[in-house]
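Working notes, structure below.
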Amino acid sequence: MLGKSGLCSGRIPGSIEKVCPMLDLLVRNAVFPDGRTGMSLAVHDGRFVEVAAGLAAPAHTVLDADGQLVSPPFVDAHFHMDATLSYGMPRVNQSGTLLEGIALWGELKQALGFEALVERALAYCDWAVGRGLLAIRSHVDICDARLLAVEALLEVKRRVAPYLDLQLVAFPQDGVLRSPGAMLNLKRALDLGVEVIGGIPHFERSMEDGAESVRLLCRLAAELGLRVDMHCDESDDPLSRHIETLTAETMRHGLAGRVTGSHLTSMHSMDNYYVSKLLPLMAEAEMQVVANPLINITLQGRHDTYPKRRGMTRVPELLASGINLAFGQDCVLDPWYSLGSGDMLEVANMGLHVAQMTSQAAMRQCFDAVTVNPARMLGLDCYGLAVGCHADFVLLQAHDPVEALRLRATRLKVYRRGRLLAETPPATARLHLDGRPGLTSWQLRESRKH
Ligand code: FE2
């Protein structure tokens, strides 16, 4: 049968060949993140045309998943691609603080060239693809009248479009009110094709300016029909409450479901009574949230002695309130963070540790926070392992999402639109133990099997 859009959408196992005499690809014996086992995915013309257990149909290529996890691709809802892979340029962040990082970026961006920006961003996208990370929302600093980084990342977006979705946020790093000309630059960036409005209210000169910046930027988003994603309350100050203004402005302008608050680290330190009022307001406004565990645990609490705050926002409480929450990478080898590799399983692994989300159900929520949740946040079309969706997926060397998190599992194969983009050999160690040489892969069920 044919779907509304003319896509193959046969749902009855065994009937696929009537519409698609020869599938492009048949994936067999896969485990899905939701726990379904023995699953097959039939791919034709870049889409899933059938998804069911135990399918059999002729195909040009058959991929036996061998009981391992097939997931939709990883999605990063928060990144800075203009700064990535610049670690040590022109110097290293000595204090390790957010504010020295911003100052260091201010020094660096004056010296950036278009080609170097493009080259570093493309190199990072290569890393991402190898990790099964096929959609990234990147903030791009617009506090530079040349808009060099904007032009460079728009060029990168064009070049990577065949294999990676890059969504750009116009980000006034130095404050849309504090930095001269920033609002004008932000509007120019939107005119050039940047599609999301950013902000940084906690970096404006005063609480009042911060609130005013939120009001101005939300009004602009409503006028232009754009999504909003603000760096918001990235601070240990429990009185940094711009999320309240962002939530109120979201409701005022009818932007429910289209606004993301990134970081929200001050929520970690807020008074519990105040948070008990804030969470329902955020849920009412359908606010979306990005926590960036690697960066939050590194940058926050820097003014503490002991006890030292973790600094990450209240992830389990936000999820329990029904708020869509994603874990973001934020930084890789840049003025703020000296590590990272585009591995969203590393990000989720850190997130579950910092949030103490160690139950089986909570760990699966953390896997969702780097796959389906950010996909919804970015508004990705046709994402998922369902009939009619793009045939984008990752085969992992793991039997379920929890094992994938534990091992930061190898991405054995990465597909987009039914085409193989990347593959990595399985992670195994060759043992040379006296009397019993062999291989081990750290997979529990594997080791039991052999
Ligand atoms: Fe950020």
Side-chain angles (χ1 to χ4, degrees), residues 75-87 93 96-106 108-109 121 124 128 133 136-143 149-150 153 166-176 179 182 186 189 194 196-204 210 213-214 217 227-236 240 242-243 246 259-268 288-300 302 311-313 315 325-340 342 344 347 350-351 354 369-370 374 377-378:
V75 180
D76 183 4
H78 190 111
F79 194 60
H80 294 265
M81 202 173 280
D82 48 0
T84 198
L85 310 194
S86 66
Y87 181 69
N93 182 339
T97 60
L98 171 67
L99 294 182
E100 185 176 343
I102 293 174
L104 182 50
W105 171 241
L108 171 59
K109 68 183 173 186
Y124 182 77
L133 169 55
I136 299 173
R137 174 183 278 182
S138 175
H139 297 253
V140 52
D141 188 358
I142 54 81
C143 292
V150 170
L153 290 196
L166 177 57
Q167 187 176 89
L168 298 177
V169 183
F171 175 45
Q173 171 74 76
D174 300 326
V176 75
S179 174
L186 187 142
V194 174
V196 181
I197 293 178
I200 187 166
H202 56 276
F203 196 69
E204 301 291 353
S213 77
V214 172
L217 292 164
R227 293 172 192 269
V228 175
D229 187 339
M230 286 193 198
H231 285 65
C232 191
D233 301 325
E234 189 179 2
S235 161
D236 291 317
S240 186
H242 296 296
I243 182 58
L246 184 59
V259 176
T260 296
S262 279
H263 291 293
L264 305 187
T265 53
S266 73
M267 280 186 76
H268 186 95
Q288 310 199 61
V289 173
V290 184
N292 297 301
L294 295 163
I295 309 309
N296 301 152
I297 196 71
T298 306
L299 295 183
Q300 301 305 311
R302 287 275 175 168
M312 192 169 75
T313 195
V315 171
L325 180 140
F327 286 135
Q329 169 80 67
D330 199 6
C331 303
V332 168
L333 292 170
D334 70 10
W336 296 273
Y337 190 56
S338 53
L339 299 165
M344 296 311 292
V347 171
M350 177 62 81
V354 177
V370 291
M377 196 175 291
L378 269 62

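Hydrogens, waters and symmetry mates play no part in the numbers below; they use all other heavy atoms, side chains included. In each ligand, atom 1 is the first atom listed, and ligand 1 is the first ligand listed.
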- Task: State, without any angle test, whether Asn292 and His263 hold a side-chain donor-acceptor pair at a distance under 3.5 Å.
- Result: yes

- Item | Distance, nearest 0.5 Å, that separates OG of Ser86 from CG of Leu108 | 5.0 Å

- Task: For His139, enumerate each residue passing the ring-ring contact (aromatic ring centres under 6.0 Å, His included) test, keeping only those at least two apart in sequence or located in another chain.
- Result: His78, His80, Phe171, His231

- With sequence neighbours left out, which residue pairs that include part of residues 75-87 fulfil the salt bridge (charged side-chain N to carboxylate O under 4.0 Å, His left out) condition? none

- Message: Between Asp236 and His268, is there a side-chain donor-acceptor contact under 3.5 Å, judged purely by atom types and distance?
- Response: no

- Provide the protein N, O or S atoms situated under 2.8 Å from the Fe ion (ligand 1); waters are not included. His78 NE2, His80 NE2, His231 NE2, Asp330 OD1

- Query: Which residues pass the side-chain contact (heavy atoms from CB on, under 4.5 Å) test with Leu339, sequence neighbours left out?
  - Reply: Tyr337

